[in-house]
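In this text the structure is predicted, and so the values were computed from the model without any measurement.
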Amino acid sequence: MVALTEDSTKTPVDPAVPSDGTQRLVLVTGPSGAGRSTAINVLEDLGFEAIDNLPLSLIPRLLDGPSRPEPLALGLDVRNRDFSASNVIELIDRLTRDPRYAPEVLFLDCAPEVLERRYNETRRRHPLSPDSGPATGVMAEIDLLQPIRVRADVLVDTSDLSPHDLKAELTRWFDIRPDGRLTVSLHSFSYKRGVPRGIDMMFDCRFLTNPHWEPALRPLTGREAAVQDHVAGDSRFAEFLDRVCEMILFLLPAYVEEGKSHLSVGFGCTGGQHRSVTLAEMVAAVLAKAGWPVSIRHRELERRIPAPSSLGDAACIPQETVRLRGFERGGTR
């Protein structure tokens with residue numbers, strides 16, 4: 001279980017719009033390059049009215065008047081002329097005392113060395129050190145934001161997150177869609193590279209017959225019929241698939257009743273190419289047929305496809321292409 005907040009046992013923010021007439025308001029901040037701009041876009045996709053890079057002095061004017069039907073997400077950027085930790089904390093305290101608002105602070109965190117690497121890779125100047133190397137600006141900004149970080153309601157470390165990972169984590173915390181449908185994401189992965197972040201349930205597929213040892217199948221993947229047929233030829237496969245699907249389908253209604261909005265299920269094998277991919281594909285088909293919104297991510301297969309960076313204020317987080325099947329409901333490519 002990945003710790004997304006200071007308290008990993010903290011119950012996720014209630015996704016429902018407050019029923020007492022208060023205005024739900026998410027303040028989004030964090031060091032430059034950690035993913036703030038992407039987070040704003042994700043919240044907008046989730047139904048928030050999103051405004052980025054608004055000067056702090058204009059926020060009270062924006063909020064003056066009756067509450068809006070949509071929740072608000074405001075991006076706070078150190079590049080604003082009136083930005084300071086004390087001003088932000090004063091704003092948080094003011095909103096907390098005001099009965100018209102239900103404020104939450106979303107802080108996108110990131111390791112200093114990762115932020116520095118992202119700036120070096122994109123050759124962009126850091127806003128706090130435009131005339132010197134990014135390391136100086138990175139450390140200055142981390143120090144500047146520390147008082148705000150400790151006030152965060154939701155803290156997400158993006159050091160190892162792809163854009164898809166960040167979207168999934170923010171959806172878990174802030175999804176306000178009224179249908180209340182639980183979405184399922186299936187992940188295939190290699191145990192050699194570790195377990196993916198945020199997995200709720202995990203199945204080890206390494207006991208099944210490995211297509212890697214068949215020269216004709218080695219270059220193929222579990223998306224292809226020849227590999228799937230080979231894996232399914234294992235005498236234990238059919239019962240394993242049935243039991244996995246039966247358990248997931250049994251648990252999904254219970255998770256919905258509990259208020260869970262997203263379930264992440266992992267399938268691991270040695271290389272993340274054949275057996276785990278096969279299981280993820282077949283389980284997805286079963287769940288989709290049963291009417292559940294499903295998406296698939298094959299982590300090791302994605303890493304074969306180079307793509308430009310697209311996450312973060314400095315667009316510095318390596319992009320990983322996400323494959324979403326035609327039966328998925330919602331999501332972005």
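Of all heavy-atom pairs spanning G271 and K192, the tightest one is CA-CE, 4.4 Å. P112 and M139 make their closest contact through CB-SD, 3.8 Å (heavy atoms, listed as atom of the first residue, atom of the second, distance). The two residues L43 and F174 come nearest to each other via the heavy atoms CD2-CB, 3.7 Å. Minimum interatomic distance between A34 and C110 (heavy atoms only, all atoms of both residues): CB-CB, 3.9 Å. The minimum heavy-atom distance between P211 and V231, with the atom names listed, is CG-CG2, 3.6 Å. The minimum heavy-atom distance between C205 and S276, with the atom names listed, is SG-CA, 4.3 Å.
One finds the CG atom of D229 at 11.5 Å from the CD atom of E224 (value rounded to the nearest 0.5 Å). Distance check, rounded to the nearest 0.5 Å: CE of M201 to CE of M247 gives 5.0 Å.
For Y255, there are no ring pair (Phe, Tyr, Trp, His ring centres under 6.0 Å) partners, not counting sequence neighbours. The ring pair (Phe, Tyr, Trp, His ring centres under 6.0 Å) check on F267 picks up F203, with sequence neighbours excluded. R236 is linked by a salt bridge (charged side-chain N to carboxylate O under 4.0 Å, His left out) to D234, counting only residues two or more places apart in sequence or in another chain. Qualifying side chain to side chain contact (heavy atoms under 4.5 Å, CB included) partners for A238, counting only residues two or more places apart in sequence or in other chains: none.
Here side-chain hydrogen bond (donor to acceptor under 3.5 Å, both in side chains) pairs that include residues 239-251, with residues two or more places apart or in two chains, are E239-R243. Every pair passing salt bridge (Lys or Arg N to Asp or Glu O under 4.0 Å) that includes a residue from residues 89-98 is listed here, sequence neighbours excluded: D93-R151, D98-R100.
The main-chain N or O of L301 is never found under 3.5 Å from a side-chain atom of Q273 such that the two would form a donor-acceptor pair. Distance alone, capped at 3.5 Å, is enough to place a donor-acceptor pair between the Q228 side chain and the G222 backbone. Remark: side-chain polar atoms of H298 are not paired, donor with acceptor, to backbone N or O of R223 under 3.5 angstrom. Without hydrogens or angle criteria, T158 side chain to D109 main chain gives a donor-acceptor distance under 3.5 Å. A donor-acceptor distance shorter than 3.5 angstrom exists from the side chain of R218 to the backbone of H212, with no hydrogens or angles considered. In this structure a side-chain-to-backbone donor-acceptor pair under 3.5 Å is missing from E104 to A152. A donor-acceptor contact shorter than 3.5 Å links the side chain of E141 to the backbone of S32.
Contact of the I148 side chain with the L76 side chain is not registered, since no non-hydrogen atoms from C-beta on lie closer than 4.5 Å. Residues L145 and F83 have side chains in contact (heavy-atom distance under 4.5 Å, counting atoms from C-beta outward). Using a 4.5 Å cut-off on side-chain heavy atoms (C-beta onward), V26 and V154 make no contact. Looking at heavy atoms from C-beta onward, T29 lies out of side-chain contact with V88 at the 4.5 angstrom threshold. In this structure the side chain of Y191 reaches within 4.5 angstrom of the side chain of D204, judged on heavy atoms. In this structure, W173 and D153 have side chains that are not in contact, with every pair of non-hydrogen atoms separated by 4.5 Å or more. No side-chain heavy atom of L279 sits less than 4.5 Å from a side-chain heavy atom of V244. V184 has its side chain within reach of L252: a pair of non-hydrogen atoms, C-beta onward, lies under 4.5 Å apart.
Inspection of the S162 and D165 side chains reveals an N or O donor paired with an N or O acceptor under 3.5 Å. A donor-acceptor contact closer than 3.5 angstrom links the side chains of T270 and R275. In this structure, a donor-acceptor pair under 3.5 Å is present between the side chains of H187 and S185.
Linking ILVMFWY side-chain heavy atoms closer than 4.5 Å, directly or via other members, places I248 and F250 in a single hydrophobic cluster. At a threshold of 4.5 Å between side-chain heavy atoms, the hydrophobic network of Ile, Leu, Val, Met, Phe, Trp and Tyr places L54 and L63 in one connected group. L144 and V150 are assigned to two separate hydrophobic clusters, defined by single-linkage of ILVMFWY side chains at heavy-atom distances under 4.5 Å.
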